[in-house]
There are 2 protein chains.
Amino acid sequence: MINLSYAHYKIEEAIEKKECIIIACKCEVWYSGRAESFTPEGDRILIIKPDGTFLIHQPKGNAPVNYMKEGAIHSVSKHENCLFINSSDVYKKEYIDIKATQVYFFQSHLLEDNQKIQLSGSEKDMSDMIYNKPELIEKGFKPLSREEHTKYGFIDVFGYDKDNILVVVECKRYNADLGAVTQLRRYVEKIKEAKGIHRVRGIIASPKISPNSLKMLTDWGFEYRAINPPKYLERYNNDQKSIFDF
Amino acid sequence: MINLSYAHYKIEEAIEKKECIIIACKCEVWYSGRAESFTPEGDRILIIKPDGTFLIHQPKGNAPVNYMKEGAIHSVSKHENCLFINSSDVYKKEYIDIKATQVYFFQSHLLEDNQKIQLSGSEKDMSDMIYNKPELIEKGFKPLSREEHTKYGFIDVFGYDKDNILVVVECKRYNADLGAVTQLRRYVEKIKEAKGIHRVRGIIASPKISPNSLKMLTDWGFEYRAINPPKYLERYNNDQKSIFDF
DNA sequence: GGGGAGAGATGCCGC
DNA sequence: GCGGCATTTCTCCCC
């Protein structure tokens, strides 16, 4: 257990030094901003980052129970055997107030990290793949553009089929849902209206589609292609795994 | 700086004891699962929770750079002055591999927290409010149900107007977008089709709506009501704030 | 800064 | 488990 006055001093010092701060404590949490919340007293982990990010984690679950995004200002005070931590963003009108009655541990450290995550298997990777291998859609498909902000909307792949009929392809990296179908319908309707043509084909390309969505898709005369997103790193990753498997 | 062999031992011990674990270290991260990723070496904070949740945070930003959800299994090993931390969920086929070259600090503690966040200002609060105060939509509106999973879809508020015309209300707690409009359209079309009636009114209730969405809404003959979500805790929260402002 | 859409979305509830 | 949908969604890109 950490003495509250000591914690008070250390937290203020670490904020001043722009360190990453970790606190484990028993606390209550109030939040007011886009919504309102109160979380009754329990053991939690608090993370304060030098960019102003504030995360409050319960001992279970993936998502923080409360949080403030980058840009928040933090202050600490002690009053009648309780430590008060306040996080506020006056511009966004977001506020968090914490009342801690016990501090289990405190740590802080100056951390440096300018690296960015390299991700593959996204929807953009999928539309790139289709653009470069149009026969994945069908023989004779001629893509014109990909990932383009047209006046009809943001269309993943756009082209002509072998009979020179316009084709709109909407990619989904995982499961295509009802929203994907209405999205495709919106694009097709807009293009028909803008170009004054009555025949535009719509295709959804994804590894999976829900039964309801497939029914709605085919009811409206659209088509489905089962296509998996590419995973460029897969082999590299497998090579790496062999290093770890000793 | 923490000795790697000591960290290795302490992490394994803390996992065994089902404690919450926090590690600050310099590391590389590989991920393979629904997608693939690699994050080059940098200073990060690792959080391992007793439920198997694993979070990797960079010193900036709200979201973890990599993560594993509840149910992952963790193992640690040391090899040639590097600490390897492995997180895997064989059922979901998700894997994270970490290679740490330096450990800045390590902490762990048994944390207990059975409390749940009490939130207000959500979409459900909004539909409850409209159900209880139907005049927010218009005079003579008679709600029949709220938040109901009908065979037509998940409808927020459903009722009759003063002329006994069916009304579907779609609530959005913040900004209503194009998806909200197509969602409403889907419900109205399905109900018309299922009940064989040609007149069903559709209304979007939200504090804001984008200009494009409003145009699409009115083009299709639907209506808009500017309504704010309720914030029950606001006063309570304001009372609390006065406690902190000393 | 707002609008539109993706995300390894996450989380909740219902079937 | 999947399906449908909200989220203090978050994040990115473009206007």
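Residue numbers start from 1 in every chain, and the chains themselves are labelled A, B, ... in the order their sequence lines are given, proteins ahead of strands. Worth saying up front: this structure is predicted, and the values here are computed from it rather than measured.
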Checklist line | Nucleotide of C/dA5, D/dG3, D/dT7 approaching A/F154 most closely (side-chain heavy atoms) | finding: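 Ranking C/dA5, D/dG3, D/dT7 by closest atom to the A/F154 side chain puts C/dA5 first.
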Notebook entry, point to check: Under 4.0 Å between a side-chain N/O of A/S210 and OP1 or OP2 of D/dG4, yes or no?
Noted result: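 Answer yes for this pair, as a side-chain N or O of A/S210 is under 4.0 Å from OP1 or OP2.
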Next item on the list: Answer yes or no: does a side-chain N or O of A/N175 lie under 4.0 Å from OP1 or OP2 of D/dG3?
Entry: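 Looking at the OP1 and OP2 atoms of D/dG3, one of them is under 4.0 Å from a side-chain N or O of A/N175.
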Note to self: For a quick check of understanding: with a heavy-atom distance under 4.0 Å over all strands, which category does B/Y187 fall into, base, sugar-phosphate or nothing?
What the structure shows: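 Result for B/Y187 = sugar-phosphate.
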Just the rounded figure in Å: distance from [atom2] of [N] to [atom1] of [X].
X: A/I209; N: D/dG3; atom1: CD1; atom2: P; result: 10 Å
X: A/D177; N: C/dA5; atom1: CG; atom2: P; result: 13 Å
X: A/K208; N: D/dG4; atom1: NZ; atom2: P; result: 11 Å
X: B/Q183; N: C/dG4; atom1: CD; atom2: P; result: 16 Å
X: B/K124; N: D/dT9; atom1: NZ; atom2: P; result: 18 Å
X: B/K172; N: D/dT8; atom1: NZ; atom2: P; result: 13 Å
X: B/E123; N: D/dT8; atom1: CD; atom2: P; result: 11 Å
X: A/E70; N: D/dC12; atom1: CD; atom2: P; result: 10 Å

Item checked: Interatomic distance, A/K192 atom NZ to A/E189 atom CD [nearest 0.5 angstrom] ->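 One finds 7.0 Å between NZ of A/K192 and CD of A/E189.
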Check: Once you round to the nearest 0.5 Å, how far does CD of A/E41 lie from SG of A/C27?
Finding: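 Output value for this atom pair is 8.0 Å.
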Next item on the list: Evaluate salt bridge (Lys or Arg N to Asp or Glu O under 4.0 Å) for B/E147 paired with B/K124, printing each intermediate quantity in order.
Entry: CA-CA 7 Å; B/E147 294 272 326; B/K124 188 179 181 318; 5.8 Å; no
Notebook entry, point to check: Which parts of nucleotides 8-15 of chain C does protein reach within less than 4.0 Å, heavy atoms only, written one letter per nucleotide 5' to 3' as B for base, S for sugar-phosphate only and - for none?
Noted result: BSSS--S-
Checklist line | Neighbour count >12 (heavy atoms, 6.0 Å) for atom NZ, A/K215 | finding: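 No, NZ of A/K215 has 12 or fewer neighbouring heavy atoms, counting only those of other groups under 6.0 Å.
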Margin query: As a test of your reading of the structure, name each stem of DNA chain C as range with range, where a stem is three or more consecutive Watson-Crick or G-U pairs at under 3.5 Å.
Written below: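 So far as stems of 3 or more pairs are concerned, DNA chain C shows C:1-7 with D:9-15, C:9-15 with D:1-7.
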Checklist line | NZ/NE/NH1/NH2 to OD/OE distance under 4.0 Å, B/K60 and A/E70 | finding: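 The answer is no: the pair does not qualify as a salt bridge.
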Notebook entry, point to check: Taking only residues two or more places apart in sequence or in another chain, which ones pass side-chain contact (heavy atoms from CB on, under 4.5 Å) with A/N212?
Noted result: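 Here the qualifying residues are A/L178, A/S210.
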Note to self: Pick the closest DNA chain D nucleotide for B/Y91 and for B/E170 by heavy atoms, then say which residue is nearer the 5' end.
What the structure shows: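 Closer to the 5' end of DNA chain D: B/Y91.
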Next item on the list: Could you check whether the rings of A/F54 and A/H74 sit parallel, tilted or perpendicular, using 30° and 60° as the cut-offs?
Entry: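 Answer is perpendicular, since the angle exceeds 60°.
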